[in-house]
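Read the structure below first, then the notes.
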Amino acid sequence: MSIRTKSKLDYKKKYLQVALNSTVRDAEIIIDLLPANDRIIIEAGTPFIKQYGADGIRQIVDLWGAKVDDPYIVADLKTMDRAETEVSLAASAGASAAIALGHAPTETLNSFIGECARQSLDSMIDMMNVEYPLGVLSQLKNPPTVVLLHRGVDEEKFNREKMIPLHEIRRIKGRYNIMVSIAGGDTLREVQSSIFNDTDIVVIWKSVYKKSDETVELIEGFLKAIK
């Protein structure tokens with residue numbers, strides 16, 4: 001099987017990743033409200049996948065694919081083991097990318113990145129609660145497509161002093177030619193700060209967890225902020 005050498009993502013663009021973590025019905029409503037914009041990435045979030053499985057990923061692929069020609073869907077598997085099996089699950093469901101945890105064994109991460117390449121998926125490594133992301137990256141045979149710097153939901157809720165590690169962006173980009181994604185900030189100010197620090201993808205979820213009257217306005221504001 002051929003090895004993928006180029007991502008579907010454009011390294012010259014900035015992207016907004018909208019994470020869907022609620023129900024299929026909420027996903028339908030939110031996707032219907034989103035503008036048909038090639039800078040929007042849709043994520044099947046971990047709670048969503050745990051509830052609906054591979055079929056839920058397929059539904060999101062179909063929903064976003066009805067609005068854009070080449071839908072980019074991220075499956076947040078949070079893989080810790082059995083990388084080949086989980087990547088195959090995401091690929092068979094039509095995902096464009098999958099996510100593994102940086103705390104996974106190096107063997108799992110190498111397997112994950114390799115299998116993503118074989119299955120023509122982008123590999124994303126989530127560095128949530130990883131103190132030294134470069135330490136993880138230095139142990140890998142090949143770097144992933146994207147490194148995700150992530151302040152978790154529980155961290156944000158129970159530890160107000162915990163900051164999104166924006167300082168890691170330039171460290172990573174100074175050594176690797178890869179994209180960096182930021183998750184854990186849902187305000188416009190946090191999005192702008194992430195872009196100022198040279199992030200490539202900004203992940204939001206709270207603002208669109210469920211449809212609200214402000215959803216469209218919020219998304220348009222975020223898109224303007226990441227130009």
Side-chain angles (χ1 to χ4, degrees), residues 4 7 9 11 15 17 19 21 41 43-50 57 72-91 95-119 121-159 161-186 190 193-194 197-205:
R4 183 178 187 174
S7 169
L9 296 173
Y11 280 54
Y15 293 90
Q17 185 166 316
N21 288 299
I41 293 170
E43 176 191 318
T46 309
F48 184 92
I49 293 174
K50 286 186 175 182
I57 299 172
Y72 192 99
I73 309 298
V74 177
D76 189 4
L77 304 172
K78 288 188 170 64
T79 296
M80 280 289 288
D81 193 19
R82 301 295 300 273
E84 292 183 5
T85 299
E86 296 200 0
V87 169
S88 294
L89 180 151
S96 307
I99 298 178
L101 289 176
H103 276 297
T106 300
E107 294 83 356
T108 297
L109 294 179
N110 282 329
S111 175
F112 176 83
I113 293 167
E115 190 62 25
C116 280
R118 286 186 285 274
Q119 298 269 6
L121 269 66
D122 285 337
S123 54
M124 299 184 173
I125 305 299
D126 186 340
M127 297 294 182
M128 180 169 57
N129 204 39
V130 174
E131 190 172 359
Y132 300 111
L134 282 174
V136 173
L137 293 173
S138 68
Q139 300 300 310
L140 303 178
K141 293 180 180 178
N142 295 294
T145 312
V146 178
V147 167
L148 172 58
L149 301 176
H150 190 178
R151 178 181 62 190
V153 176
D154 291 337
E155 289 179 297
E156 182 183 5
K157 181 178 180 180
F158 297 109
N159 183 2
E161 296 181 359
K162 185 68 178 283
M163 304 297 291
I164 303 173
L166 299 177
H167 60 280
E168 295 288 352
I169 298 173
R170 288 190 171 87
R171 291 183 185 178
I172 293 169
K173 288 194 169 187
R175 189 173 298 184
Y176 297 95
N177 183 30
I178 57 179
M179 301 181 83
V180 176
S181 177
I182 289 289
D186 251 60
E190 287 172 315
S193 180
S194 297
N197 282 278
D198 202 27
T199 192
D200 302 288
I201 304 169
V202 178
V203 184
I204 62 170
W205 74 275

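These figures come from a predicted structure and were not determined experimentally.
At least one side-chain heavy atom of Ile41 sits under 4.5 Å from a side-chain heavy atom of Val74. Contact of the Ile49 side chain with the Ile57 side chain is registered, since non-hydrogen atoms from C-beta on lie closer than 4.5 Å. Tyr176 has its side chain out of reach of Pro144: every pair of non-hydrogen atoms, C-beta onward, lies at least 4.5 Å apart. Two residues are said to be in side-chain contact when any heavy atoms from C-beta on lie closer than 4.5 Å; Ile182 and Ile169 meet this criterion.
In this view, Thr46 and Lys50, Asp76, Lys78 satisfy the side-chain contact (heavy atoms from CB on, under 4.5 Å) rule, not counting sequence neighbours. Under the side-chain contact (heavy atoms from CB on, under 4.5 Å) criterion, Arg175 pairs with Leu134, not counting sequence neighbours. Applying the salt bridge (charged side-chain N to carboxylate O under 4.0 Å, His left out) rule to Glu168 yields the partners Arg171; only residues at least two apart in sequence or on another chain are considered. The side chain to side chain donor-acceptor pair (under 3.5 Å) test applied to Ser181 returns no partner, not counting sequence neighbours.
Here the CG-CG distance, from Asp122 to Leu9, works out to 5.0 Å after rounding to the nearest 0.5 Å. Distance check: Leu89 CG to Leu77 CG gives 6.5 Å after rounding to the nearest 0.5 Å. Distance check, rounded to the nearest 0.5 Å: CG of Leu166 to CG of Asp198 gives 11.0 Å. The line from CD1 of Ile178 to NZ of Lys173 is 9.0 Å long, rounded to the nearest 0.5 Å. Atom-to-atom distance recorded for Leu148:CG and Leu101:CG is 9.5 Å, nearest 0.5 angstrom. To the nearest 0.5 Å, atom SG of residue Cys116 and atom CD of residue Glu86 are 10.5 Å apart.
A salt bridge (Lys or Arg N to Asp or Glu O under 4.0 Å) check over residues 129-150, counting only residues at least two apart or in different chains, returns nothing. Listed by first and then second residue, the side chain to side chain donor-acceptor pair (under 3.5 Å) pairs that reach into residues 97-116 are Glu115-Arg118, Glu115-Gln119, sequence neighbours excluded.
In terms of heavy-atom proximity, Gln17 sits nearest to Ile201 at OE1-CG2, 3.6 Å. Shortest non-hydrogen contact noted between Leu109 and Ala100 is CD2-CB, 4.0 Å. Considering every non-hydrogen atom in both Gly135 and Ser138, the closest pair reads O-OG, 2.9 Å. Nearest heavy atoms, Val130 versus Gly102: CG2-C, 4.1 Å. Nearest heavy-atom pair, Phe112 versus Val87, reported as atom, atom and distance to 0.1 Å: CD1-CG2, 3.5 Å. Residues Thr199 and Val202 approach most closely at CG2-CG2, 3.8 Å, considering heavy atoms.
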Item to check | Chi angles and distances behind the side-chain contact (heavy atoms from CB on, under 4.5 Å) call for Tyr11, Asp200 | outcome: CA-CA 8 Å; Tyr11 280 54; Asp200 302 288; over 6 Å; no
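Between the side chain of Thr145 and the backbone N or O of Met124 there is no donor-acceptor pair closer than 3.5 Å.
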